[in-house]
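Structure first, then comments.
It should be emphasised that the depicted structure is a prediction, and the values quoted were computed from it without experimental measurement.
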Amino acid sequence: MKVVFLTAGAAGMYCGSCMHDNALARAMIAGGVDCLLQPVYTPIRTDEPSVANDRVFFGGIHIYLLQRFPWLRFVPEPIRRTLDWAPLLNWVTRQTHSTDAAKLGELAVSMLKGSHGHQSGEVRRLTRWMADEIQPDAVLLSNLLIGGALPSIRDSLPQARIAVLLQGDDIFLDFLPPKQRSEAIQLCRGLVKTVDTLIVHSDFYAEKMGQLFEIPDSKIAVTPLSIDVRPFGSLPDTNASSALEIEPRSGQFRLGYLARIAPEKGLHHLVDAFVKLAVDGDHDDLTLHVAGWLGDNHRPYFQEQVAKVESASLAHRFTHHGSPALAEKISYLKSLDLLCVPTDYHDPKGLFALEALAAGVPILLPDHGAFGELVKATGGGRVYAAGEPDALVRAVNEMKRDPQSLRNWSRTGSATVHTNHSIERAAENLRTILFE
């Protein structure tokens with residue numbers, strides 16, 4: 001059984017979807033599937049060894065220039081191929097993480113048009129490679145927005161199963177100007193006809209994307225969100241009273257955040273809650289710890305949050321841990337007493353929540369998107385009323401004052417993630433979807 005898994009690189013940053021795709025491909029390979037993880041746009045960056053192909057299709061520089069200068073397609077291909085050199089893509093994309101929405105919208109629409117867009121030559125190159133060199137039994141995409149080539153792939157590989165993971169497509173579309181957003185949605189609806197199965201990780205997202213892309217219920221599969229639990233240690237013994245006990249933190253209660261540092265991820269809400277609680281004498285042991293990718297375009301936003309802490313004379317109780325690699329991330333998580341990522345948008349996943357639970361850390365999340373389902377399924381924490389700052393403050397206060405419940409959430413959440421949300425379980429589910 002041979003699978004080509006197309007994954008979208010994230011311009012040199014640690015990306016939860018990229019890391020999940022890499023772990024899923026590795027688990028499929030370990031399970032006996034001949035899985036080729038193939039990047040598009042840019043090489044992927046993971047916090048553990050990558051199994052991805054070194055080759056890149058639809059190189060980010062290349063497709064951008066084809067969009068701006070369509071005559072570039074007449075330049076000899078060997079010359080244009082130099083634009084897809086992985087070190088060049090890595091270097092250029094790490095220089096900036098800000099993008100003009102209008103230009104991005106035009107490019108997204110052109111890419112979704114596939115063989116009818118400015119990147120039609122790249123569609124032919126990808127399709128020929130699959131049909132002539134690889135001849136897969138199944139094709140899997142990390143999102144539908146990279147699916148412009150699907151009609152050509154379907155024509156060239158009529159017997160292959162085609163599946164698409166939906167994991168944040170709506171968030172990207174909402175960033176586009178209205179005209180391009182509307183056109184992109186219509187193109188996605190057309191692409192759905194070429195797909196056998198669209199995979200989501202929550203009932204919330206199944207309903208939302210089913211309506212947005214007009215997906216028949218028969219084409220939607222809901223599977224649990226998953227992570228690679230092996231680096232976090234063995235399955236905890238939930239019957240042992242000492243399992244995953246919250247260890248003393250030298251008189252500190254460590255409130256933590258682990259996600260990309262950006263306004264939509266809601267760090268400002270957590271900072272506000274921290275300041276409100278920390279200035280109270282009853283919470284002089286409360287400290288705030290922040291980790292996650294920080295792009296240049298969001299540095300002013302982050303500095304605003306730091307300024308709030310400094311203005312409250314709490315700088316000595318705030319620590320920024322940067323963007324940690326895997327080992328450092330696990331160590332960071334295990335040092336926390338509670339993880340909270342109070343997103344403003346309705347997150348369809350929440351990989352950071354599973355990572356925290358795998359490390360034995362209870363979670364506190366806003367009650368929207370997939371979070372309510374995730375907290376209920378894992379039993380590893382609680383939710384609060386989204387969009388209500390006082391509700392967040394009350395929830396942190398109540399959880400902090402209830403060490404027994406923290407211990408229970410820690411044990412239950414970690415055991416559930418190890419049992420039901422492992423990447424091996426996800427690979428088994430995917431194998432069933434693709435081949436049975």
Side-chain angles (χ1 to χ4, degrees), residues 1 3-8 16-17 20-21 23-25 27-28 33 35 108 112 114 136-151 153-154 157-174 181-182 184-227 345-351 353-354 368-378 420-436:
M1 295 176 288
V3 177
V4 170
F5 187 173
L6 298 179
T7 180
S17 294
H20 182 266
D21 292 349
L24 184 55
M28 291 178 69
V33 176
C35 180
L112 287 168
D137 301 296
V139 178
L140 176 66
L141 278 67
S142 64
N143 61 70
L144 190 58
L145 296 167
I146 61 173
L150 283 176
I153 292 171
R154 173 60 78 194
L157 298 165
Q159 303 304 317
R161 293 277 299 175
I162 296 178
V164 176
L165 295 166
L166 296 177
Q167 45 181 350
D169 305 59
D170 60 317
I171 299 168
F172 176 88
L173 289 169
D174 288 344
R181 180 183 182 276
S182 178
I185 290 172
Q186 289 300 321
L187 290 166
C188 285
R189 290 172 177 171
L191 293 175
V192 165
K193 299 173 184 177
T194 69
V195 180
D196 295 301
T197 307
L198 295 107
I199 304 166
V200 296
H201 300 305
S202 67
D203 291 332
F204 150 75
Y205 212 53
E207 181 178 357
K208 181 174 184 177
M209 299 310 289
Q211 292 177 357
L212 185 65
F213 290 160
E214 298 180 351
I215 306 171
D217 291 343
S218 60
K219 286 193 173 188
I220 297 180
V222 182
T223 64
L225 187 65
S226 61
I227 60 169
Y345 71 94
H346 293 191
D347 199 311
K349 296 183 299 180
L351 289 167
L354 292 187
H368 60 197
F371 290 158
E373 292 178 56
L374 188 61
V375 170
K376 182 177 180 180
T378 60
N420 298 335
H421 296 270
S422 70
I423 202 70
E424 290 78 17
R425 176 69 66 87
E428 291 174 8
N429 292 337
L430 186 56
R431 181 172 176 162
T432 299
I433 290 170
L434 293 177
F435 299 114
E436 296 182 12

Would you check if [X] and [Y] make a side-chain contact, meaning some heavy-atom pair closer than 4.5 Å?
| X | Y | result |
| --- | --- | --- |
| Ser202 | Leu225 | no |
| Val3 | Pro136 | no |
| Asn420 | Arg425 | yes |
| Leu434 | Val33 | no |
| Thr223 | Leu430 | no |
| Leu374 | Leu354 | yes |
| Leu150 | Leu141 | yes |
| Val195 | Ile215 | no |

Practice task
Check the angle between the aromatic planes of His20 and His201 and answer parallel, tilted or perpendicular using the 30° and 60° thresholds.
Solution key: perpendicular
Which heavy-atom pair separates [X] from [Y] by the least distance, and what is that distance?
| X | Y | result |
| --- | --- | --- |
| Ile171 | Pro348 | CD1-CD, 3.9 Å |
| Ala184 | Leu173 | CB-CD2, 3.6 Å |
| Ala108 | Phe172 | CB-CE2, 3.9 Å |
| Phe371 | Gly350 | CE2-CA, 4.0 Å |
| Lys219 | Val192 | NZ-O, 2.9 Å |
| Ile199 | Ala163 | CD1-CB, 4.3 Å |

Interatomic spacing from [atom1] in [X] to [atom2] in [Y] - rounded to 0.5 Å:
| X | Y | atom1 | atom2 | value |
| --- | --- | --- | --- | --- |
| Met1 | Met28 | CE | CE | 8.5 Å |
| Leu24 | Ile423 | CG | CD1 | 5.0 Å |
| Tyr205 | Leu166 | OH | CG | 6.0 Å |
| Leu187 | Leu144 | CG | CG | 10.0 Å |
| Met209 | Glu214 | CE | CD | 12.0 Å |
| Arg189 | Gln186 | CZ | CD | 4.5 Å |

Exercise for the section: Please list, chain by chain and in numerical order, all residues satisfying side chain to side chain donor-acceptor pair (under 3.5 Å) with Arg181, sequence neighbours excluded. Expected result: Asp174
Exercise for the section: Check Thr197, Ile433, Leu165, Ile162 against Leu140 for a side chain to side chain contact (heavy atoms under 4.5 Å, CB included) and give me the one that passes. Expected result: Leu165
Exercise for the section: Kindly say whether His368 contributes a backbone atom to a donor-acceptor pair with the side chain of His346 at under 3.5 angstrom? Expected result: no
Handout entry: Residue pairs fulfilling salt bridge (charged side-chain N to carboxylate O under 4.0 Å, His left out) with at least one residue in residues 203-212, sequence neighbours excluded
Key = Asp170-Lys208
Practice task
Apply side-chain contact (heavy atoms from CB on, under 4.5 Å) to Ser142 and list each qualifying residue two or more places apart in sequence or on a separate chain.
Solution key: Phe5, Thr7, Ala8, Asp21, Ile146, Gln167
